[in-house]
**Student:** 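Sharing a structure below in structure tokens format, with a few things to ask.
When reading the values below, keep in mind they use all heavy atoms of this one structure, side chains included, and skip hydrogens, waters and symmetry mates. Just so we're on the same page: letters track the sequence lines, and every chain starts at 1.
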Protein chains: 2
Amino acid sequence: MSDGKLSYKEKKVITIGIVSEITGLSQRQIRYYEERNLIFPERTERGTRKYSFSDIEILGDIADKIEEGVQTFEIRKDMIKKAKGKQTREDVNKMIRGQLNAHFNIRK
Amino acid sequence: MSDGKLSYKEKKVITIGIVSEITGLSQRQIRYYEERNLIFPERTERGTRKYSFSDIEILGDIADKIEEGVQTFEIRKDMIKKAKGKQTREDVNKMIRGQLNAHFNIRK
DNA sequence: CGTGTAAGGAATTCTGACACG
DNA sequence: CGTGTAAGGAATTCTGACACG
């Protein structure tokens, strides 16, 4: 299901040197944010990290937070919260649909 | 005008090793098609080639043509023809618009 | 905590050339 | 013509560690 064709934005194909150029972050910083579980590059067969455009956007967000003085641990918590928020919104939709169905099926 | 933000598809950020993995073509083949002016990677400061997803698609098309026995020179002519075709279509649109304007402005 | 850096090795990329056909 | 390959060098990436604070 989650296999096969991903959009260009999500495909992990960019090496760390180019990510560093684009983001302006050092390779050390980029690797450290991975160590802190903020980004998850894939690896080539022989271990070279590969990033997506999406990862580059996330790195930009991380850099902003860091500049604001937010610690990586906090950034991670926010990311988890947001991920859960998305999930919750979907669940809420399901619940609403469930309720509507229950409502309109009362007399059925 | 043609500066600044390009779509992810057009941005040249992928190194030849990864392009080779994705397309199944050898680095030799990829470099040769460049020599024949079929693709135009950019370069990093120190000379490493960088390709876009769009380049990868073009490489797929080239590979198909080569398999069919078409020579690189012919492939190049086709690409130029198609590029001109696009240009012509736009020009045609402009001409049509021009004619329409002329038509509706006759009595003005 | 977040990041710089020197260290040593392994993998990558580059170019020009010879080979086959 | 299109592609493989060996060649030598230069640039890239990786990890684990020490440093500062």
**Student:** Are any non-hydrogen side-chain atoms of Ile22(A) and Leu59(A) less than 4.5 angstrom apart?
**Tutor:** no

**Student:** Going by the rule side-chain hydrogen bond (donor to acceptor under 3.5 Å, both in side chains), which residues pair with Ser26(A) if we only count those two or more places apart in sequence or in a different chain?
**Tutor:** Gln29(A)

**Student:** Could I get the full list of salt bridge (Lys or Arg N to Asp or Glu O under 4.0 Å) partners for Asp61(A), not counting sequence neighbours?
**Tutor:** none

**Student:** Tell me the interatomic distance from Glu74(A), atom CD, to dG2(C), atom C1', rounded to whole angstroms.
**Tutor:**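 Interatomic distance, CD of Glu74(A) to C1' of dG2(C): 15 Å.
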
**Student:** Contact list please: residues 12-23 of chain B against DNA chain D, heavy atoms, distance less than 4.0 Å, in numerical order.
**Tutor:** none

**Student:** Between Lys77(B) and Glu74(B), does any NZ, NE, NH1 or NH2 come within less than 4.0 Å of an OD or OE carboxylate oxygen?
**Tutor:**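 Yes.
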
**Student:** Could you pull out all donor-acceptor pairs under 3.5 Å where a side-chain atom in residues 49-57 of chain B meets a protein atom, sequence neighbours excluded?
**Tutor:**
from     : atom 1 : to       : atom 2 : distance (Å)
Arg49(B) : NH1    : Glu34(B) : OE1    : 2.8
Ser52(B) : OG     : Ser54(B) : N      : 3.3
Ser52(B) : OG     : Asp55(B) : N      : 3.0
Ser52(B) : OG     : Asp55(B) : OD2    : 3.2
Asp55(B) : OD1    : Lys12(B) : NZ     : 3.2
Asp55(B) : OD2    : Lys12(B) : NZ     : 2.9
Asp55(B) : OD2    : Ser52(B) : N      : 2.9
Glu57(B) : OE1    : Lys9(B)  : NZ     : 3.4
Glu57(B) : OE2    : Tyr8(A)  : OH     : 2.4

**Student:** What are the two closest non-hydrogen atoms of Leu25(A) and Ala63(A), and how far apart are they?
**Tutor:** CD2-CB, 4.0 Å

**Student:** Can you list, in residue-number order, the parts of residues 27-41 of chain A that come under 4.0 Å of DNA chain C, counting heavy atoms only?
**Tutor:**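 Correct list: Arg28(A), Gln29(A), Tyr32(A), Tyr33(A).
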
**Student:** Pairs counted as Watson-Crick or G-U wobble with both distances under 3.5 Å: what dot-bracket string results for DNA chain C, using | for bases tied to another strand?
**Tutor:** .||||.||.|.|.||.||||.

**Student:** Would you mind reporting whether Asp78(B) and Lys81(B) have side-chain heavy atoms less than 4.5 Å apart?
**Tutor:**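 Yes, close enough: below the 4.5 Å cut-off.
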
**Student:** For the residue pair Ile58(B) and Met79(B), what are the closest heavy atoms and their distance?
**Tutor:** CG2-CE, 4.0 Å

**Student:** Scan residues 57-79 of chain B for pairs that pass ring pair (Phe, Tyr, Trp, His ring centres under 6.0 Å), counting only residues two or more places apart or in two chains.
**Tutor:** none

**Student:** With sequence neighbours excluded, tell me which residues meet salt bridge (Lys or Arg N to Asp or Glu O under 4.0 Å) with Glu42(B).
**Tutor:**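 Salt bridge (Lys or Arg N to Asp or Glu O under 4.0 Å) check on Glu42(B) returns nothing, list empty.
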
**Student:** If you define the side chain from C-beta out and look only at heavy atoms, does anything of Thr15(A) sit under 4.5 Å from Ile18(B)?
**Tutor:** yes

**Student:** For DNA chain C, what residues of residues 42-65 of chain A have any heavy atom nearer than 4.0 Å?
**Tutor:** Arg46(A)

**Student:** Which pairs, with at least one residue in residues 16-25 of chain A and sequence neighbours excluded, count as a salt bridge (Lys or Arg N to Asp or Glu O under 4.0 Å)?
**Tutor:** none

